[in-house]
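Below is one structure, written out as structure tokens, with a few remarks after it.
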Amino acid sequence: MGSIVLSGRQLQRPLSSLCRSCSRRLLPRLSRSYAAVSSQQPDIYDVVCVGGGPAGLSLLTALRSNPTTAGLRVALVEAQDLEKVRSWKLPPDRFSNRCSSLTPASAQFLDNVGAWAHLHRDRVQPYHEMQVWDGVTDARIEFEWTPPAAGKTIAYMTENLNLTSGLLRRIDELGGVTVFNSARVAGISFGEETEDLDLREWPVVHLASGQRLAARLLVGADGANSPVRAFAGIESRGWDYERHGVVATLELEGEGWGGDAMKIAYQRFLPTGPVAMLPLPGNLSTLVWSTTPANAALLKSLSPKDFVALVNAAFRLRPVDLEYMHTISSGQEEELAWRLQHTQFNRRAIPQTVVGVQDGTIASFPLKMRHADTYIGERVALVGDAAHSIHPLAGQGLNQGQGDVESLARTIEFSVSHGQDLGTRMSLESYNSERYGPNHVLLGVCDKLHKIYSAGSGPLVPLRSLGLSAINALGPVKSFFMEQAAGNGIKLF
Amino acid sequence: MKALPPCLRSASSRHGLVQNHALQRRQQLPIATAVLCSTHSKSGRRSFSVLNRPPPNYPGHVPLTGLERAALAVGSGIVSFLDPYRGDMIAALGEATASPYFIERLRRAMLASPTGRRILRDRPRITSSSLNLPRLRSLPARTVGGTYVAWLDREGVSPDTRSSVRFIDDEECAYVMQRYRESHDFYHALTGLPIVREGEVALKAFEFANTLLPMTGLSMLAVATLRPAERRRFFAVYAPWAVRNGLRGDEVINVYWEEEMETDVDALRRRLGIERPPDLREIRKREREERRRVKEGAAAQAVAS
Ligand SMILES: Cc1cc2nc3c(=O)[nH]c(=O)nc-3n(C[C@H](O)[C@H](O)[C@H](O)COP(=O)(O)OP(=O)(O)OC[C@H]3O[C@@H](n4cnc5c(N)ncnc54)[C@H](O)[C@@H]3O)c2cc1C
């Protein structure tokens with residue numbers, strides 16, 4: 001019987017009954033019968049998820065919360081200490097610098113799997129308007145919902161740790177996940193054939209502790225340097241932008257021009273990359289500034305007051321002033337005071353003045369564009385950053401991962417309820433076809449946007465301002481982009 | 001360093017007396033009177049009609065409507081073409097055609113350079129009283145100051161012959177224009193080009209390539225008024241020199257002339273990447289002698305035959 005259950009190829013009977021009723025009952029029997037070789041026998045799971053970031057935790061939550069898939073034997077392997085995530089807590093007026101904008105579609109998904117209620121909701125900030133403009137030509141596109149939809153949420157700014165700790169609490173509530181905490185994956189190989197088990201086509205995860213986990217389906221939610229992807233021999237192609245994303249938690253002079261009920265996200269395209277300021281509760285905002293590695297290093301070396309001055313300058317001054325202010329190691333505050341007297345801007349069309357930066361929140365990370373050749377292999381699926389890394393200019397990285405997870409969970413549910421082996425490439429095919437195209441389009445669009453807006457002069461500059469102005473003038477086109485940004489347009493992004 | 005109030009420091013008071021005939025001659029242009037530095041708005045180009053002309057952005061500023069600006073450009077263009085010595089018209093033409101794009105570009109060039117930024121902060125003015133001409137006369141002949149004052153004396157001109165900027169809306173851009181205008185004589189000194197028509201056109205060509213201000217390009221149309229021999233020489237010698245040096249050299253607007261008086265002029269040229277053009281006066285003298293020799297030769301032949 002063991003060979004029937006465990007070798008997917010030979011499987012004839014509906015899997016749902018098998019894995020729910022058998023695999024768990026089978027294992028003790030196996031280990032009892034083969035006590036002599038049990039040390040060589042890996043633990044067997046339906047789904048082994050490597051990586052407990054936003055993508056991995058969402059997947060486990062989705063599987064555990066769905067009655068159809070709740071019977072699967074699932075394991076999580078995470079190299080970091082999840083205890084730190086679980087006990088994450090900050091005072092109400094301090095915010096983590098790693099924030100993501102969750103689209104209503106992602107929030108809806110998180111609500112469906114019962115995780116949304118576990119987030120600290122007072123730390124989640126919805127926003128309702130976007131202001132995007134070109135720093136070289138000042139062409140502007142204003143994303144404001146038309147009156148019928150006024151007050152509609154474009155996205156929710158959420159600290160990544162608020163999301164992951166909420167997901168963990170939901171997983172704890174659901175139970176049933178075997179968690180290998182602070183456990184590094186030391187290697188992945190195919191299993192062996194023994195008298196009762198043929199694991200030659202099953203990935204076996206070797207932990208640094210010596211434990212081994214055999215997986216009917218191995219999910220790589222293990223980030224950009226995915227060991228699972230490497231094991232599956234899936235190439236990930238793309239390029240580095242030679243840009244870093246500088247993040248920080250900022251204190252503004254007020255809670256925004258629209259008050260608490262009408263929060264606004266701002267993004268200005270500079271020749272070095274876009275700079276964005278996204279609203280957090282109260283008078284706080286989070287900064288994401290894509291810039292050259294040299295500029296990022298300078299920003300991190302500045303005194304708080306000069307850092308604040310350079311951030312204010314980034315939304316106000318001409319590119320030539322900004323360029324100069326990146327060549328001096330101090331004195332940005334004074335330079336800003338002088339240039340503000342000679343620079344025109346509409347105060348209410350840009351973020352309120354930044355007055356401070358929270359201690360220890362200035363950090364940077366390299367920006368890449370990567371796309372795996374495929375998201376699936378035999379008994380392997382990739383989700384989140386393991387499958388794709390995107391330029392942060394559209395704030396879509398984490399949402400893409402949520403979209404992947406939703407689709408993969410649905411695919412697994414289908415296999416289980418139709419009695420298919422959930423690990424075979426054939427069963428996984430619909431996940432790949434559902435997600436690959438839309439992700440590819442979004443990656444391409446963000447990549448092109450980055451390239452177009454990285455030009456400080458030349459033939460593209462007038463064209464792109466024409467582009468932004470034209471979009472601004474065209475209501476329907478604009479609402480199309482808005483719907484896309486909010487993740488509820490036609491499924492393109 | 002203290003940030004300056006957004007007004008042209010000392011533009012009207014100290015140098016009010018040097019505003020030349022251009023100003024008095026065109027008093028009929030409506031000039032708003034009340035000038036208050038602290039109150040002028042930062043907004044640059046506003047639309048308005050002649051009936052509700054906004055207050056000036058700096059002392060001496062004359063806000064123009066688009067139509068007036070165009071008329072000014074055409075009118076002053078025609079006059080300066082016919083008479084390139086009409087400094088007032090050239091000045092007006094320069095202002096009418098420079099804003100907003102070209103003067104912005106020049107300001108950008110200044111803002112990109114640490115020295116240019118310092119000039120914009122300090123806003124120095126070049127006049128006979130700010131320069132201390134007797135001191136310059138005591139400097140060695142090879143210094144910038146020495147060359148400049150020798151050039152002034154040779155040409156019989158004064159630093160005070162530059163009119164004030166009036167038609168550029170942005171107050172800082174107005175200063176850039178003023179600075180460009182006041183630096184002009186230093187360009188003569190730097191290049192050694194004389195103020196005769198031919199030298200003026202050659203220098204304009206250089207300035208056009210270097211500053212891209214349209215007026216400097218337009219004034220090159222005066223090449224049409226040159227004598228055929230001069231025109232040939234312009235295209236053979238000076239135009240290539242001007243384009244090569246104007247484009248390749250650093251932005252001359254970013255030279256803090258006041259600080260360079262004691263610099264060796266060749267060293268400054270090298271620093272800016274500018275070669276000295278062939279001396280026009282020398283060439284003209286040689287050609288005059290050549291012509292005389294030819295004429296005398298012909299006369300001698302006529303006598304002999
Ligand atoms: C430094 C940094 C800063 C970022 N800042 C922002 C930001 O401010 N805003 C934003 O929108 N996006 C940001 N991003 C992108 C965003 O974090 C990702 O899009 C998102 O985290 C992807 O989630 P994920 O679950 O797919 O991968 P990850 O969050 O990368 O999770 C992967 C998990 O796998 C684990 N893992 C990896 N290898 C192994 C192994 N061998 N064994 C066991 N476990 C392993 C890791 O410990 C990690 O927990 C940032 C990314 C980085 C790297």
Side-chain angles (χ1 to χ4, degrees), chain A residues 134-140 270-272 292 294-295 298 305-306 308-310 312-350 353 455-459 461-463 465-466 469, chain B residues 1-9 11 36-47 54 57-58 61 63 99-123 165 168-179 212 247 251 253-254:
Chain A
D134 184 340
V136 176
T137 64
D138 269 341
R140 190 173 271 271
L270 297 170
T272 42
T292 62
N295 284 0
L298 177 92
K305 71 176 175 55
D306 282 335
V308 163
L310 201 41
N312 281 324
F315 288 92
R316 291 165 175 77
L317 298 189
R318 297 180 184 83
V320 63
D321 286 316
L322 287 171
E323 204 173 306
Y324 175 78
M325 287 167 82
H326 280 98
T327 64
I328 52 179
S329 55
S330 65
Q332 279 79 1
E333 189 182 34
E334 207 225 335
E335 203 70 23
L336 172 70
W338 171 47
R339 291 317 301 164
L340 282 180
Q341 300 171 0
H342 302 291
T343 314
Q344 302 155 24
F345 50 83
N346 177 358
R347 258 161 47 85
R348 295 186 70 91
I350 58 173
T353 305
S457 60
V461 172
L463 279 182
S465 65
L466 204 66
S469 308
Chain B
M1 273 181 281
K2 188 171 71 71
L4 292 168
C7 63
L8 264 185
R9 198 174 56 170
L36 254 179
C37 245
S38 52
T39 57
H40 54 71
S41 110
K42 273 190 198 156
S43 65
R45 288 170 75 72
R46 296 152 294 188
S47 46
N57 291 340
Y58 53 88
H61 175 219
S99 47
Y101 305 106
F102 298 96
I103 197 67
E104 277 283 350
R105 194 211 72 84
L106 204 54
R107 165 162 70 174
R108 217 160 41 235
M110 293 184 80
L111 287 171
S113 137
T115 316
R117 291 179 85 88
R118 228 152 35 76
I119 296 171
L120 284 177
R121 272 201 193 218
D122 300 351
R123 297 201 172 177
V165 172
I168 293 201
D169 289 336
D170 182 274
E171 167 286 314
E172 190 176 55
C173 286
Y175 173 76
V176 173
M177 191 53 137
Q178 191 75 37
R179 177 71 183 174
L212 302 180
L247 288 177
E251 307 265 1
I253 191 79
N254 288 331

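Residue numbers begin at 1 in each chain, while the letters A, B, ... track the order of the sequences.
Residues Asp321(A) and Arg117(B) meet the side-chain proximity criterion, which asks for heavy atoms closer than 4.5 Å. Taking 4.5 Å as the limit, every side-chain heavy atom of His342(A) sits out of range of all side-chain heavy atoms of Leu120(B).
Along residues 322-331 of chain A, the residues that come nearer than 4.5 angstrom to chain B, judged on non-hydrogen atoms, are Tyr324(A) in order of number.
Arg107(B) touches chain A through its side chain: at least one heavy atom from C-beta onward sits under 4.5 Å away, while N, CA, C and O do not.
To the nearest 0.5 Å, atoms CD (Glu334(A)) and CZ (Arg121(B)) are separated by 4.5 Å.
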